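Let me begin by presenting the structure, written as structure tokens, before commenting on it.
Below, chain A is the first sequence line, B the second, and so on; all start at residue 1. Small disclaimer: the values here were computed from a predicted structure and weren't measured. Scope of the values below: all heavy atoms of this structure, side chains included, with no hydrogens, waters or symmetry mates.
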There are 2 protein chains.
Amino acid sequence: MERGERILEAAGELLVAWGYRRVTIDEIARRARVGKGTVYLHWKTKDALFLAVVLRSKLRSHRSQLARMRTDPLAVLPSRMMSGAYLDFLADPVLRALYHDDADILGRFTDIAKKELAELSAYSNEVVRHYLEVLRAHGLVRADMTVEQQQYALLATASGFFLSEALLHDRAPQSAEERSTVLARTVRGALETSADPDPGTGPAAARTREAAAAAAPDIIPAFERLAELSEREMHRQLRE
Amino acid sequence: MERGERILEAAGELLVAWGYRRVTIDEIARRARVGKGTVYLHWKTKDALFLAVVLRSKLRSHRSQLARMRTDPLAVLPSRMMSGAYLDFLADPVLRALYHDDADILGRFTDIAKKELAELSAYSNEVVRHYLEVLRAHGLVRADMTVEQQQYALLATASGFFLSEALLHDRAPQSAEERSTVLARTVRGALETSADPDPGTGPAAARTREAAAAAAPDIIPAFERLAELSEREMHRQLRE
DNA sequence: TCCGTGACCAGATTCGAAATCTGGTCACGA
DNA sequence: TCGTGACCAGATTTCGAATCTGGTCACGGA
């Protein structure tokens with residue numbers, strides 16, 4: 001594993017274990033088996049390093065999302081998309097820490113991230129909007145609300161599930177699969193036109209599959225551009 | 001307005017304006033135009049006083065919910081219930097502060113409240129569970145998930161919307177009515193069997209109305225007992 | 001007699017200056 | 001040329017003194 005990668009890995013592990021404030025550049029360098037100065041050969045500041053750590057996790061999640069969409073067009077459905085994103089989120093300690101314990105783990109880092117990632121976040125907004133429009137055009141998403149309202153519904157609902165571990169403590173179902181399934185059903189009921197097309201073999205399920213396959217070529221590139229922007233943003237944190 | 005009421009009012013105003021830590025009993029007494037000792041004639045501790053402030057707001061919200069259900073049986077539908085609760089929540093500065101700015105407004109108060117209200121919260125859980133079972137028995141809520149899963153879906157979704165002001169900043173629709181409508185539609189799509197029965201005049205809408213009217217007598221008493229327990233809990237904060 | 005009050009106290013909180021720590025640099029050496 | 005760790009300024013922590021505040025209770029007025 002190359003130096004930069006080792007540093008990101010070490011920073012991520014320490015972030016999750018100790019929280020932003022408690023982690024020192026010294027400690028990261030030690031764990032990555034490099035000199036302290038070497039960290040600064042790669043990243044301008046501590047903030048930039050941790051921003052890169054977070055972007056790396058987000059990027060992984062995006063890529064895994066894209067892989068699912070390329071394998072199975074049904075993965076473009078909002079329900080699939082969200083349950084996939086939710087499972088990725090649970091599997092990545094950095095992303096989980098991000099939502100789980102804002103104050104203790106992240107300290108003031110959230111503010112910095114919000115500011116630095118404003119552009120990315122705005123673009124992500126547009127991608128989601130475009131995504132919903134395409135799905136509506138293909139009859140996969142209902143037209144009983146405005147796109148803006150559906151986007152709000154999607155974001156708010158997802159936030160609730162993502163935060164549910166922290167908010168609901170033990171009142172949530174134990175298994176991640178079960179929670180992701182409930183999320184999928186909630187999103188499907190809120191936005192989509194079809195019943196669950198996965199085990200379906202009838203003509204309706206076939207139609208959904210076709211429509212998803214037709215929509216995918218419009219949707220995948222948009223998310224690819226989002227992933228690219230994430231990656232560019234991640235590299236922009238590097239020195240020069 | 002009687003003394004105790006004036007004190008609660010003053011405490012609520014100051015809580016919202018200054019946050020838990022900054023508010024002193026002295027200041028509350030001054031604003032309520034009573035002596036400091038008088039506050040302690042009514043409540044055992046500062047914590048008990050603020051717990052009462054919060055319970056008072058929750059109780060008001062419960063009562064307003066009950067009033068809606070008694071006026072219009074359709075208000076027992078989860079979608080109506082949640083949009084109603086959301087609008088009550090937005091209208092009450094104390095409840096809003098509770099979700100809006102956890103750290104700054106509430107300080108360590110959240111922990112205390114979580115502990116003290118554990119019993120109430122457990123009971124509330126049971127009421128919601130019973131509520132969903134009754135609605136399922138009357139065919140108003142679907143049976144495509146377990147009740148536990150639907151309860152989780154409801155709680156997680158609602159949390160997301162309740163927190164959306166804080167989380168989504170400016171990416172949420174401006175008007176409270178619009179947000180509450182989107183919440184209603186999301187919940188309806190996730191749980192209910194009917195389309196919006198309110199403007200509906202067809203036989204399906206009529207059937208929904210009938211079923212809701214039939215379910216209401218089973219549901220209203222359960223929420224009445226919850227309101228009573230809230231009130232008892234609120235009074236239990238009083239001295240003796 | 002009894003309800004309301006504010007002076008009072010102990011413990012919690014804040015303050016401030018000294019001591020320590022840490023992000024970031026850079027001269028040096030491999 | 002690339003990597004390093006000693007070094008520095010400013011941020012953070014520490015810790016005892018000073019202040020503040022939750023809670024009590026003896027007293028006074030109705």
Can you pull every protein N or O that's under 3.5 Å from an N or O on nucleotides 9-15 of chain D?
residue: D/dT13; atom: OP1; partner: A/Arg21; partner atom: NH2; Å: 2.9

| A/Arg6 CZ to D/dG3 P: how many Å, rounded? | 11 Å

| side-chain N/O A/Lys46 vs C/dG23 OP1/OP2, d < 4.0 Å | yes

| query | Can you check the A/Phe50 CZ to C/dT22 P distance for me, whole Å? | reply | 13 Å

| request: Identify which one of A/Arg236, A/Arg56, A/Arg63 satisfies the side chain to side chain contact (heavy atoms under 4.5 Å, CB included) criterion when paired with A/Glu231. | output: A/Arg63

| task | Look at the side chain of B/Leu41 and decide which nucleotide, out of C/dT5, D/dG23, C/dG23, has an atom nearest to it. | result | C/dT5

Could you list all N or O pairs between the protein and nucleotides 25-30 of chain D that sit under 3.5 Å apart?
none

| field | Listed nucleotide nearest any side-chain atom of B/Val34, set C/dT5, C/dA7, D/dG3 | value | C/dT5

| task | Could you tell me the separation between the CD atom of A/Glu228 and the CD atom of A/Glu224, rounded to the nearest 0.5 Å? | result | 7.0 Å

| message | If only side-chain N and O atoms count, and only distance matters, is there a donor-acceptor pair under 3.5 Å linking B/Arg68 with B/Ser64? | response | yes

| Most 5' of B/Arg33 and A/Asp26 on DNA chain C, judged by nearest nucleotide | B/Arg33

| Close side-chain approach of A/Ser230 and A/Leu120, heavy atoms under 4.5 Å | yes

| query | Just by modelled atom types, is the B/Ala67 backbone N or O under 3.5 Å from a matching donor or acceptor in the B/Thr71 side chain? | reply | yes

| query | Any cation-pi pair here, B/Lys46 with B/Tyr20, using under 6.0 Å and within 45°? | reply | yes

| query | What integer distance in Å separates A/Lys44:NZ from C/dT25:C1'? | reply | 16 Å

| query | Can you tell me if the side-chain N/O atoms of A/Thr38 get under 4.0 Å from OP1 or OP2 in D/dT4? | reply | yes

| field | Interatomic distance, A/Ile25 CD1 vs D/dA6 P [rounded to whole Å] | value | 17 Å

| query | Can you find a pair of side-chain heavy atoms, one from A/Asn125 and one from A/Gln151, that are under 4.5 Å apart? | reply | yes

| task | Give a yes or no on whether a donor-acceptor pair under 3.5 Å exists between the nucleobase atoms of D/dG22, that is its base, and the side chain of B/Lys36. | result | yes

| message | On a heavy-atom basis, which atom in B/Ser61 and which in B/Asp88 lie closest, and how many Å separate them? | response | O-OD2, 3.6 Å

| note | Whole-Å distance, A/Ile28 CD1 to D/dG5 C1', equals 16 Å

| message | Quick check: do A/Leu49 and A/Ile28 have side-chain heavy atoms less than 4.5 Å from each other? | response | yes

| said: Classify B/Val39 by what it touches in the nucleic acid, base, sugar-phosphate, or nothing, heavy-atom distance under 4.0 Å. | reply: nothing

| remark: Taken to the nearest whole Å, CZ/A/Phe109 to P/C/dG23 is 14 Å

| query | Taking CZ from A/Arg22 and P from C/dT20, how many angstroms apart are they, rounded to a whole number? | reply | 22 Å

Could you give the side-chain donor-acceptor pairs of residues 152-168 of chain A under 3.5 Å, partners two or more places apart or in another chain?
residue: A/Tyr152; atom: OH; partner: B/Ser164; partner atom: OG; Å: 2.8
residue: A/Thr157; atom: OG1; partner: A/Ala153; partner atom: O; Å: 2.6
residue: A/Ser159; atom: OG; partner: A/Leu155; partner atom: O; Å: 2.6
residue: A/Ser164; atom: OG; partner: A/Phe161; partner atom: O; Å: 2.7
residue: A/Ser164; atom: OG; partner: B/Tyr152; partner atom: OH; Å: 2.8

| field | Between C1' of C/dG24 and CH2 of A/Trp43, the distance in whole Å | value | 16 Å

